[in-house]
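Heads up: the structure comes next, in structure tokens.
All chains are named by letter (A, B, ...) in the order of the sequence lines, taking the proteins before the strands, and each is independently numbered beginning at 1.
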Amino acid sequence: MQFPGRHDGAKVIKRNPRGLTMGQQHDAYFVPTKSQWPIVAALVMFITVFGAAHWLNAGPGEAGFGKGVLTIGVIGIIGMFFGWFRSVINESLAGSYNAQVDTSFRMGMMWFIFSEVMFFGAFFGALFYVRMYSLPWLGGHGHGVLTHQFLWSDYVASWGANGGGGPEQAGGAFRTVPAWGLPLLNTLLLLASSVTVTIAHHALRAGQRGKILVFLGLTVLLGATFLYFQAHEYMEAYNELNLTLRSGVYGATFFMLTGFHGLHVTLGTIMLLVIWFRVLKGHFDKDHHFGFEAVAWYWHFVDVVWLCLFLFVYIL
Amino acid sequence: MSYAATHDQHDDHHGAPKSFFQRWCMSTNHKDIGTLYLIFALVMFFIGGSFAMLIRAELFKPGLQLMQPYFFNELTTMHALVMIFGAIMPAFVGLGNWMIPLMVGAPDMALPRMNNLSFWILPFAFLLMLSTLFLPGGGPAGGWTMYPPLSLQSNSLAYVVFAIHLMGISSIMGAINIIATILNMRAPGMDLMKMPVFVWSWLITAFLLIAVMPALAGAVTMLLTDKYFGTNFFNPGGGGDPVLYQHIFWFFGHPEVYIMILPAFGIISEIVPTFARKPIFGYKAMVFAIACIAFLSFIVWAHHMFAVGLPLGAEIFFMYATMLISVPTGVKVFNWVATMWGGSMTFETPMLFSIAFIILFTIGGFSGLMMALVPADFQYHDTYFIVAHFHYVLVTGALFAIIAAAYYWMPKWTGNMYSEFWGKVHFWCSVVFVNVLFFPQHFLGLAGMPRRIPDYNVAFANFNMISSIGGFLFGASQLIFIGVLIHCAFFSKKKATDRVWEGAKGLEWTVPSPAPYHTFELPPVIHDDELAHGHVND
Amino acid sequence: MTSGSIRHHGIRRAFTTLTIGALALFGGAAQANPHSWQLNLTRGASTWSPVPYHLNNISLAVCTVIGLLVFSAMFIAMFRFRKSRGAVAEKWSHNTMVEVIWTTIPVLILITLAWLATAGVTSWADTTGSQMTVKVTGYQWKWRYDYVDYLGKPVNKVGFMSKLDQQSDDTRQLDSGMDPYAVKVGDENTYLLNVDKPLVVPADTKIRFVITSGDVIHSWWVPATGWKIDAIPGIVNSAWANFTTPGTYRGQCAELCGQDHGFMPIVVVVKSKADFATWLAGQEAASGAPAAAPQTAQAAAPAPVPAGGQG
Ligand code: HEA
Ligand code: HEA
Ligand code: CUA
Ligand SMILES: [Cu+2]
């Protein structure tokens with residue numbers, strides 16, 4: 001995206017990155033028309049969080065209108081997404097989006113994913129901190145001698161079932177999910193899905209619609225199965241292992257990390273599904289398919305996060 | 001073909017749409033959205049300022065006169081949140097929206113609709129946050145840092161957390177937009193090392209925003225689950241640690257304070273050369289310094305936590321890293337002075353505010369450096385010495401830069417000249433009273449007055465009274481600013497020329513004043529001598 | 001004598017104001033507690049407390065010098081190179097030499113400061129060889145002190161709560177109509193800086209404080225010690241102080257801890273070793289009854305010592 005220094009107008013036209021002559025420049029810059037969707041989006045987001053907050057705040061037993069407002073908000077958000085994306089898709093089909101707009105979209109998606117990485121970073125950071133510092137300190141190691149001596153003298157620090165509940169065994173005794181069962185299976189599922197989505201991408205470049213549909217469909221299925229297994233795993237954790245959100249920092253980090261990841265897989269799967277239908281409708285051709293690529297990137301990102309989870313949450 | 005089709009969709013192609021709602025609520029125009037941001041920031045500044053006035057009124061003399069302590073803590077908390085997330089940051093985003101496309105020769109922001117969304121989230125977010133003041137349980141009162149376990153005692157935590165989530169989403173989208181605009185929309189010939197320093201500073205700031213806002217979102221989410229879903233992130237009984245929150249918060253919080261100063265550096269680096277009629281000294285060094293500061297800002301966060309009982313090694317590491325920041329910052333200060341040296345200076349209002357910025361920000365920086373020395377910080381920490389420090393860098397730093405920018409670009413926005421006389425009156429009142437307001441707070445801190453207290457021993461009476469008087473007068477002085485703005489926008493008879501300032505360089509001065517609704521629909525042909533830094537080869 | 005007491009002598013007022021100014025800027029141990037017009041940190045009253053005091057003065061001096069240089073350069077430029085004096089802008093915009101110089105000189109200055117500060121914080125962190133341990137616990141909004149050991153021997157159940165004194169508490173109520181200036185011990189105004197039962201410790205003794213909290217985060221700060229450290233629930237921090245001069249030293253909670261954060265002061269009464277020994281014996285006798293659990297120690301303890309009286 002970087003242009004070499006130009007000193008005279010003449011060359012500018014020749015070296016113009018969009019390969020257009022001055023005449024076309026005028027249209028080459030695309031400034032989208034006015035849209036009601038942004039402000040609608042802001043509104044429904046507000047309704048959602050207001051409902052959520054009110055609901056959380058309503059004391060036990062209190063009725064409150066929180067839940068209702070929350071539902072309205074969520075429905076609103078879904079509707080908003082449909083509306084906004086429809087208008088974008090139409091413009092894209094109308095060919096309004098030139099190379100430059102495409103690049104802007106790509107950058108937008110990349111930096112969005114980067115921000116997601118940082119969000120997970122906060123929770124991974126918490127995980128590392130409790131495992132490397134706070135738990136050992138409570139157990140009297142290194143910097144924590146006095147803390148241990150004066151407050152938790154009979155606490156033996158260790159991770160997982162026998163230490164993750166913290167000195168007060170918050171949430172009661174629990175067992176942890178073994179890495180080599182469902183989690184391993186899920187890892188394989190996601191890895192496979194990454195492969196299938198890539199194959200679909202190549203097929204798209206090659207313009208073989210049938211192949212795309214098959215492999216994209218596979219990806220969706222793999223994602224759905226992953227979610228099914230994770231739901232299964234959660235139920236097992238709650239019912240058999242007594243591993244809950246309340247199970248000390250172990251439970252907190254375990255469920256927040258896997259939970260937020262699961263949420264992202266859900267979104268990813270939905271987006272893949274949408275893309276599948278768009279392929280069916282023939283929205284993409286071999287050099288105009290940003291929507292497809294954006295979702296593919298997102299999917300790879302979700303995949304990588306899971307690998308980190310598998311390593312740091314389940315194995316280690 | 002299809003181009004023509006979209007061309008017709010350009011209802012607003014040759015000027016602003018007539019309908020008010022269409023123009024302001026559905027806008028995809030960087031100038032209108034920039035204006036919205038700026039107005040919003042101004043309103044928030046007055047709200048946050050009114051809170052500050054109440055704080056100063058209660059602290060006017062010993063003994064509680066006006067309010068219960070809890071309400072005082074609410075004021076302190078809200079004052080900070082409103083000023084930081086409502087006034088300073090949106091003001092910078094507004095300036096970025098208005099000027100970046102003009103400065104790089106782009107027709108608009110890269111993602112105009114997302115731009116509109118970023119803005120419209122803000123009013124709702126602050127509606128949500130300010131509404132907590134009227135909740136039965138009262139608003140948040142744990143300070144803007146919201147340390148657990150105290151913040152978990154608040155009844156309105158959920159509202160504030162969600163409000164912060166919204167602000168975070170808004171900032172991140174705004175930042176993405178700015179990065180995409182700068183990297184993708186520059187006119188041919190505007191290569192990176194020719195961009196105005198303001199654009200550079202925003203590019204780096206945007207990166208900081210995307211990097212740390214999610215961390216804040218994560219931290220407050222943990223607060224939320226700890227309070228409402230029984231997680232144990234911050235509860236040692238469950239193996240967690242309250243200090244963990246502080247680490248995550250300050251990993252966001254320190255870059256955040258640079259998010260509030262880097263664009264200010266950019267602004268000063270635009271204004272000083274203009275009124276010194278001499279190109280910025282050491283352009284590359286300036287850009288590099290900003291990058292250094294941004295990088296260092298990620299590894300100094302624990303200097304806010306010297307008193308939480310960190311291991312000795314950590315205390316020392318974070319002390320060294322923090323002190324290092326003085327070096328690139330110093331380079332900037334020195335370069336501004338060197339830019340003036342050998343120039344041909346005039347002192348219009350923007351320049352006056354910039355000069356005040358250089359001096360007063362430096363003073364704030366000095367107190368910062370003093371606090372970086374761990375043993376000294378054991379005394380300074382959580383006293384009014386800190387309060388004095390960050391108001392020097394935030395009010396006479398960030399805020400003064402924003403005011404300077406407003407005076408500097410107002411003629412380009414409105415097409416009229418503001419009243420130089422009243423501008424100067426505003427300047428002199430502000431610069432005098434702001435020091436009456438904040439300088440004595442250094443003494444209060446050194447004498448041992450803690451922050452966040454509604455009442456104090458009589459030993460602190462004198463300087464508090466002086467500070468309060470300065471506060472009221474400084475506040476009142478800002479009313480002059482409003483007057484100047486309104487006059488300039490609606491009543492000023494003096495039309496502005498395109499270049500506005502004799503020494504002004506850069507693309508934004510090549511378009512008419514007021515800047516037409518659409519600019520650079522054709523990429524401009526760039527002649528380097530047009531650019532502020534085009535012909536520098538250092 | 002404190003600046004407060006001499007202010008009233010009519011004739012010596014002029015001279016006095018000078019003294020006050022001097023004291024205000026370089027307050028010694030006599031000035032360990034805040035006083036009107038105080039301009040600088042206290043030197044404190046412990047062996048370590050001069051460290052932050054001197055660091056503060058040195059770094060302030062360094063910054064002042066740098067500031068004067070930078071600002072005077074700027075003002076000279078503003079005077080010499082103003083258009084109204086017919087100055088014509090020069091073209092240069094770069095000079096590697098000076099840039100290198102003004103990057104390296106600050107580095108050198110910083111290294112010196114860092115070296116001093118490192119020594120200071122290292123000595124602060126070293127709690128070894130302490131002859132006494134006091135456990136400090138913060139609560140919303142009072143402090144609890146438990147004497148753990150003294151001169152190697154465990155102390156037998158001496159512990160008590162310490163909260164804002166009654167007079168201040170009545171006065172500080174919203175429109176109580178009472179005058180903060182009237183809250184005094186002797187001629188020292190103790191508004192919001194006095195407690196019902198102060199912490200009593202011996203002079204010339206390396207005391208280790210172990211600090212924690214029962215609810216939210218507080219911060220235990222007595223400027224005379226030269227440091228403050230957070231009291232965090234579930235975590236124990238430690239720091240040490242060795243008071244050089246007997247006296248009454250006042251401080252406050254320094255971490256926002258809720259509505260009465262401003263109203264949980266700290267008072268440390270430093271006695272000579274001998275006086276302290278007798279005081280401690282008295283306390284142990286009073287709370288000696290096996291029944292007295294630490295929590296009820298406060299009730300068992302004798303009537304509040306009028307803080308400020310001693311030393
Ligand atoms: C715009 C915002 C801003 C900026 C730019 C800074 C800049 C700096 N800040 Fe500040 N800071 C805050 C906003 C800011 N700060 C806020 C809001 C808080 C309080 C948060 C809270 O608790 O609520 C805070 C708190 C804070 C603390 C914690 C204090 C405590 O709570 O105990 C510390 C400690 O190290 C610190 C240090 C610094 C340093 C070293 C710089 C440096 O960047 C300054 C560098 C600049 C200079 C040094 C001057 C110019 C340089 C020269 C002229 C060169 C030569 C100089 C020398 C060699 C000395 N700041
Ligand atoms: C970006 C930031 C910013 C800005 C611009 C300001 C501006 C001001 N701030 Fe503050 N402030 C903070 C950021 C900022 N502050 C932060 C982060 C904290 C820490 C919070 C915490 O501890 O958690 C803080 C805390 C803080 C405190 C300490 C509170 C405490 O510890 O209990 C005080 C006390 O004096 C104060 C005062 C002021 C004043 C007088 C102004 C003035 O500059 C305001 C001037 C503006 C106006 C007054 C508004 C405009 C005029 C009118 C509304 C007209 C009507 C008024 C009159 C006619 C008098 N601020
Ligand atoms: Cu206890 Cu503040
Ligand atoms: Cu900081």
Side-chain angles (χ1 to χ4, degrees), chain A residues 1-7 9 12 15-16 25-27 29-36 38-39 41-42 45-46 49-50 52-53 56-57 94-96 100 103-104 107-108 111-112 114-115 118-119 121-123 125-126 129-130 134-135 138 143 164 166-168 170 245-246 248-249 252 256, chain B residues 2-3 5-7 9-12 22 25-26 28 107-108 110-113 116-117 120-121 124 128 155 158-159 162 166 172 176 179-180 183-184 188-189 191-192 194 210-211 214-215 217-219 228-233 236-241 244 247-248 311 521-523 525-526 528:
Chain A
M1 262 58 58
Q2 210 205 105
F3 318 129
R6 301 262 43 79
H7 296 257
V12 174
R15 299 279 300 278
N16 181 304
Q25 274 300 314
H26 184 295
D27 303 313
Y29 270 138
F30 173 74
V31 179
T33 57
K34 309 224 151 297
S35 162
Q36 70 280 23
I39 191 166
M45 284 162 85
F46 170 73
V49 291
F50 177 75
L56 284 176
N57 246 26
S96 326
Q100 190 179 33
T103 318
S104 294
M107 288 183 171
W111 287 102
F112 165 67
F114 174 62
S115 74
M118 292 309 289
F119 181 75
F123 288 89
Y129 182 87
V130 293
S134 63
L135 271 175
L138 292 168
H143 190 56
E168 287 166 1
L245 253 183
R246 300 171 177 277
V249 271
M256 293 302 273
Chain B
S2 56
Y3 285 139
T6 45
H7 185 288
Q9 291 174 18
H10 278 243
D11 52 338
D12 53 304
Q22 278 215 351
C25 301
M26 295 169 54
T28 51
D108 204 301
L111 304 156
R113 284 185 191 142
N116 197 29
L117 174 56
W120 277 107
I121 287 176
F124 289 114
L128 191 63
N155 291 331
Y159 293 85
F162 287 134
L166 290 183
I172 291 171
I176 290 177
I179 292 188
L183 293 185
N184 189 37
D191 37 349
L192 286 172
K194 286 181 184 172
I210 301 176
Y228 297 101
F229 300 98
T231 55
N232 288 282
F233 286 107
D241 182 350
L244 167 59
H247 280 292
I248 308 177
E521 289 172 288
L522 304 163
V525 174
I526 292 169
D528 282 355

Region of [X] in contact with chain A, defined by heavy-atom distances below 4.5 Å:
X: B:Leu166; answer: side chain
X: B:Asp108; answer: side chain
X: B:Ile121; answer: both
X: B:Ile210; answer: both
X: B:Ile172; answer: side chain

May I ask you to name which of [options] has the most heavy-atom pairs under 4.5 Å with chain B?
options: A:Phe50, A:Phe112, A:Phe123; result: A:Phe123
options: A:His143, A:Met45, A:Glu168; result: A:His143
options: A:Gly248, A:Ala122, A:Gly164, A:Ala170; result: A:Gly248
options: A:Ala41, A:Ala126, A:Ser35, A:Ala52; result: A:Ser35
options: A:Gly125, A:Ser115, A:Gly121; result: A:Ser115

Item to check | Side chain, backbone, both or neither of A:Leu138 within contact of chain B (heavy atoms, under 4.5 Å) | outcome: side chain
Next on the checklist: As an exercise, state the distance from OH of B:Tyr228 to CG of A:Leu56, rounded to the nearest 0.5 Å.
Outcome noted: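 One finds 6.0 Å between OH of B:Tyr228 and CG of A:Leu56.
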Checklist entry - CZ/B:Phe124 to CD1/A:Ile39 distance, rounded to the nearest 0.5 angstrom? => result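 Going from the CZ atom of B:Phe124 to the CD1 atom of A:Ile39 covers 6.0 Å.
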Next on the checklist: If we define contacts as heavy-atom pairs under 4.5 Å, which of B:Ala158, B:Gly237, B:Pro214, B:Gly230 has the most with chain A?
Outcome noted: B:Gly237
Next on the checklist: Heavy-atom pairs under 4.5 Å with chain A - which of B:Ile248, B:Ile179, B:Leu244 has more of them than the others?
Outcome noted: B:Leu244
Next on the checklist: Under the rule for side-chain hydrogen bond (donor to acceptor under 3.5 Å, both in side chains), what residues qualify as partners of A:Ser104, not counting sequence neighbours?
Outcome noted: B:Asn184
Could you report the tightest heavy-atom contact between [X] and [Y], atom names first, then the distance?
X: A:Lys34; Y: B:Gln22; value: CD-O, 3.4 Å
X: A:Leu135; Y: B:Gly239; value: CD2-CA, 3.8 Å
X: A:Pro38; Y: B:Leu117; value: O-CD1, 3.3 Å
X: A:Gly108; Y: B:Ile176; value: CA-CG2, 3.5 Å

Next on the checklist: For A:Ser134, give me all partners under side-chain contact (heavy atoms from CB on, under 4.5 Å), at least two apart in sequence or on another chain.
Outcome noted: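 For A:Ser134, the residues satisfying side-chain contact (heavy atoms from CB on, under 4.5 Å) (neighbours in sequence not counted) are A:Tyr129, A:Val130, B:Asp241.
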Checklist entry - Got a donor-acceptor contact below 3.5 angstrom from the A:Asn57 side chain to the B:Asn155 backbone? => result yes
